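Heads up, the thing below is written out as structure tokens.
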Amino acid sequence: MSERDIAIAAFLDQSRWQDWTRTPLAGDASARRYLRLSNGQQSVILMDAPAQNGESTTPFAQIATFLTEHGFAAPAVLQHDPENGLLLLSDLGRTDYVQWLNHHPDAESDLYNAAADILLKLETVDPPQNLNRMTPDIGAEMVDIIGTYYSKSQTADLSRAVRTALAEFAPEANVLALRDYHAENLIWRDKETGNDCVGLLDFQDAFIAPCGYDLASLLRDARRDVSPIVVQETISYFAARTSAETDFHTAVACLGIQRNLRILGVFARLATDMGKQRYLQFMPRVWGHIIEDLNAPALATLRQVVLDTIPAPTPEYLAGLTE
């Protein structure tokens with residue numbers, strides 16, 4: 001047995017789950033791993049996030065508790081050993097949005113409206129005040145990673161342009177953003193009703209952001225093409241119900257650009273420094289989202305700076321990143 005296997009065995013010792021069958025689940029971009037524990041009728045999820053890998057289970061547990069206390073379908077914390085990076089959670093289900101929509105493509109609009117309803121409810125909740133805030137300055141700093149790992153160039157002009165755009169169109173960080181709010185992190189629970197239909201995962205990096213940040217994450221998905229009609233319908237659906245007072249379509253476009261510029265840098269780092277070259281396949285879609293959002297007329301200045309600064313992820317360029 002490995003050291004982690006021994007730690008897990010000790011964590012589960014004397015519990016009702018100690019002899020349940022363990023099945024590895026697909027991981028994410030982090031150093032965490034997940035196991036589904038099952039007795040054939042019931043199941044729970046084990047998060048294994050060792051501190052020596054720079055991970056911590058505490059942020060997830062804290063946000064999960066906050067969400068469940070406010071009526072959202074987040075996993076319940078069943079057992080927690082933060083010192084050893086082990087967290088046992090209730091299992092929200094096995095079918096995420098991607099899997100459901102692969103078999104029920106006509107349900108896309110309904111599922112995305114349901115996801116928007118979760119974000120509208122999050123607007124009504126006072127976020128935990130110990131979280132970081134994505135001010136225009138912080139949002140601009142978050143984009144710097146693209147110069148380090150993707151364009152490998154100075155991006156001071158880009159940072160200034162992003163900061164200026166955020167200050168104009170998304171200046172106020174006042175909403176809890178789960179941050180990785182997209183189809184693979186949303187569980188569709190078709191037997192439930194209301195907000196319980198949407199199970200929430202992967203929110204340990206939550207912060208306080210401008211209204212529309214998670215909507216941009218949802219609709220400008222790095223791993224899934226959302227129908228253009230559904231994109232526009234969902235933004236309009238949300239805009240008609242949100243408390244935001246600005247040009248909301250431009251605000252969402254601006255936040256989508258900021259987010260996806262950073263994602264290009266993050267994916268480049270994963271591919272080059274961590275050997276996760278599968279992330280290269282997502283980068284043309286991310287770039288397409290950036291270009292689409294840059295078509296917003298009010299973002300013409302930002303568009304020019306991006307095109308002058310950041311190369312497109314052509315096959316040749318991506319090949320050069322990993323040479």
Side-chain angles (χ1 to χ4, degrees), residues 109 112-127 131-144 146 158-183 203 205-222 226-264 285-307 310:
S109 181
Y112 277 76
N113 280 351
D117 283 336
I118 298 298
L119 301 182
L120 288 165
K121 182 176 179 180
L122 275 173
E123 274 196 69
T124 69
V125 174
D126 291 332
L131 299 180
N132 294 328
R133 290 180 181 268
M134 200 196 88
T135 63
D137 284 345
I138 296 299
E141 290 175 9
M142 290 169 66
V143 171
D144 289 343
I146 196 173
L158 178 64
S159 293
R160 280 192 291 270
V162 169
R163 182 183 298 107
T164 298
L166 289 172
E168 182 172 359
F169 297 108
E172 189 174 4
N174 56 3
V175 176
L176 176 62
L178 304 187
R179 197 159 173 181
D180 287 314
Y181 194 78
H182 55 73
F203 41 69
D205 294 324
F207 61 1
I208 303 172
C211 177
Y213 182 92
D214 273 351
L215 191 68
S217 173
L218 175 70
L219 300 176
R220 298 308 194 195
D221 193 330
V226 184
S227 161
I229 293 175
V230 170
V231 169
Q232 293 307 314
E233 287 179 348
T234 307
I235 294 175
S236 296
Y237 176 89
F238 191 97
R241 295 163 175 80
T242 183
S243 60
E245 299 176 356
T246 61
D247 176 353
F248 189 67
H249 283 72
T250 301
V252 173
C254 183
L255 291 164
I257 293 163
Q258 183 275 341
R259 175 179 170 81
N260 283 306
L261 288 170
R262 174 174 171 78
I263 286 175
L264 279 183
R285 180 184 289 113
V286 174
W287 178 251
H289 293 331
I290 293 170
I291 297 301
E292 180 69 22
D293 283 332
L294 285 170
N295 286 330
L299 298 176
T301 299
L302 178 58
R303 175 185 175 85
Q304 193 58 55
V305 175
V306 170
L307 295 180
I310 307 300

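What you see is a predicted model, and the numbers here were worked out from it, not measured in a lab.
No donor-acceptor pair closer than 3.5 Å links the side chain of Thr242 to the backbone N or O of Ala239. Between the side chain of Arg163 and the backbone N or O of Pro136 there is no donor-acceptor pair closer than 3.5 Å. Not one N or O on the side chain of Arg262 forms a donor-acceptor pair closer than 3.5 Å with the backbone of Gln258.
In terms of heavy atoms, Ala206 sits closest to Leu131 at O-CD2, 3.9 Å. The minimum heavy-atom distance between Leu255 and Pro210, with the atom names listed, is CD2-CG, 4.1 Å. Among all heavy-atom pairs drawn from Ala222 and Arg285, the shortest one is O-NH1, 2.9 Å.
Distance check, rounded to the nearest 0.5 Å: CD1 of Ile235 to CD of Gln232 gives 5.0 Å. Within the model, atoms CG of Leu264 and CD1 of Ile310 stand 8.0 Å from one another, a figure rounded to the nearest 0.5 Å. The structure places CD1 of Ile229 at 9.5 Å from OG of Ser109, a figure rounded to the nearest 0.5 Å. Separation of atoms CG (Leu158) and CG (Leu307) is listed at 10.5 Å; rounding is to 0.5 Å. Residue Leu215 holds its CG atom at 13.0 Å from CD1 of Ile118, rounded to the nearest 0.5 Å.
No side-chain heavy atom of Ile208 sits less than 4.5 Å from a side-chain heavy atom of Asn132. Side-chain contact between Leu120 and Tyr237 is present, with heavy atoms from C-beta onward closer than 4.5 Å. Under the 4.5 Å side-chain criterion, counting only non-hydrogen atoms from C-beta, Ile257 is not in contact with Val162. Trp287 has its side chain within reach of Val306: a pair of non-hydrogen atoms, C-beta onward, lies under 4.5 Å apart.
Enclosure of atom CG in Asp137 by more than 12 non-hydrogen atoms of other residues, nucleotides or ligands within 6.0 angstrom is indicated.
Using a 30° and 60° split on the angle between ring planes, Phe248 and Phe238 fall in the parallel class, below 30°.
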N/O donor to acceptor pairs below 3.5 angstrom from side-chain atoms of residues 164-182, sequence neighbours left out:
{"residue": "Thr164", "atom": "OG1", "partner": "Arg160", "partner atom": "O", "Å": "3.0"}
{"residue": "Arg179", "atom": "NH1", "partner": "Asp205", "partner atom": "O", "Å": "3.3"}
{"residue": "Asp180", "atom": "OD1", "partner": "Arg259", "partner atom": "NH2", "Å": "3.4"}
{"residue": "Tyr181", "atom": "OH", "partner": "Ala115", "partner atom": "O", "Å": "2.7"}
{"residue": "His182", "atom": "NE2", "partner": "Asn185", "partner atom": "ND2", "Å": "3.3"}

Let me check something: any side-chain donor-acceptor pairs from residues 289-300 under 3.5 Å, sequence neighbours excluded? List them with distances.
{"residue": "His289", "atom": "NE2", "partner": "Asp221", "partner atom": "O", "Å": "2.9"}
{"residue": "Asp293", "atom": "OD1", "partner": "Arg220", "partner atom": "NE", "Å": "3.2"}
{"residue": "Asp293", "atom": "OD1", "partner": "Arg220", "partner atom": "NH2", "Å": "2.9"}
{"residue": "Asp293", "atom": "OD2", "partner": "Arg220", "partner atom": "NE", "Å": "3.3"}
{"residue": "Asn295", "atom": "OD1", "partner": "Arg303", "partner atom": "NH1", "Å": "3.1"}

